[in-house]
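The next block holds one structure in the form of structure tokens; read it before the comments.
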Amino acid sequence: MQTKEIDLDKTIFELTDQYPELIEILAQMGFLGVKNPLIRNTLGRKTTLREGCKKQGKDLKQVVEELRKNGFTVKGV
């Protein structure tokens, strides 16, 4: 089985391009813009997951926990 690794310092675009299933997971966590291809293609190319949490007031630890529950390992915590 392939390891699915999330690097918190990669852009949201890079992560969702590598793992398309991440779009739905992030949307369920409240990152609603991630479902919009235009937003993902513009803001997502400049914003890391860490920065996105900060901008949207999300607890990074909770986001990391949810990613782990969905089978990802998280790098850069």
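Under a 4.0 Å N-O distance rule, the pair E51/K46 does not qualify as a salt bridge. A salt bridge links E24 with K35: at least one charged nitrogen is closer than 4.0 Å to a carboxylate oxygen.
Residues I6 and L49 have side chains in contact (heavy-atom distance under 4.5 Å, counting atoms from C-beta outward). The closest side-chain heavy-atom distance from V77 to L8 is below 4.5 Å. For the pair V74/R68, a side-chain contact is recorded, criterion being any heavy-atom separation below 4.5 Å from C-beta on. The shortest distance between side-chain heavy atoms of I25 and L67 falls below 4.5 Å. Residues F72 and E21 meet the side-chain proximity criterion, which asks for heavy atoms closer than 4.5 Å. Residues E66 and K69 form a side-chain contact, since some pair of their non-hydrogen atoms from C-beta on lies under 4.5 Å apart. The shortest distance between side-chain heavy atoms of R50 and L60 falls below 4.5 Å.
Tracing side-chain contacts under 4.5 Å through hydrophobic residues (I, L, V, M, F, W, Y), one reaches F31 starting from Y19; they form part of the same cluster.
With rounding to the nearest 0.5 angstrom, the CG atom of D7 is 7.5 Å from the CG atom of L15. To the nearest 0.5 Å, atom CG of residue D17 and atom NZ of residue K10 are 10.0 Å apart.
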Report the C-alpha distance between M29 and V63 in whole Å, list the side-chain angles of each, state the deciding distance to 0.1 Å, and finish with yes or no for side-chain contact (heavy atoms from CB on, under 4.5 Å). CA-CA 7 Å; M29 285 191 268; V63 170; 4.1 Å; yes
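Without hydrogens or angle criteria, T47 side chain to G44 main chain gives no donor-acceptor distance under 3.5 Å.
Remark: R45 qualifies as a cation-pi partner of F13 under the 6.0 Å distance and 45° angle criteria applied to the six-membered ring.
The only member of I39, V34, I23 that meets side-chain contact (heavy atoms from CB on, under 4.5 Å) when paired with I12 is V34.
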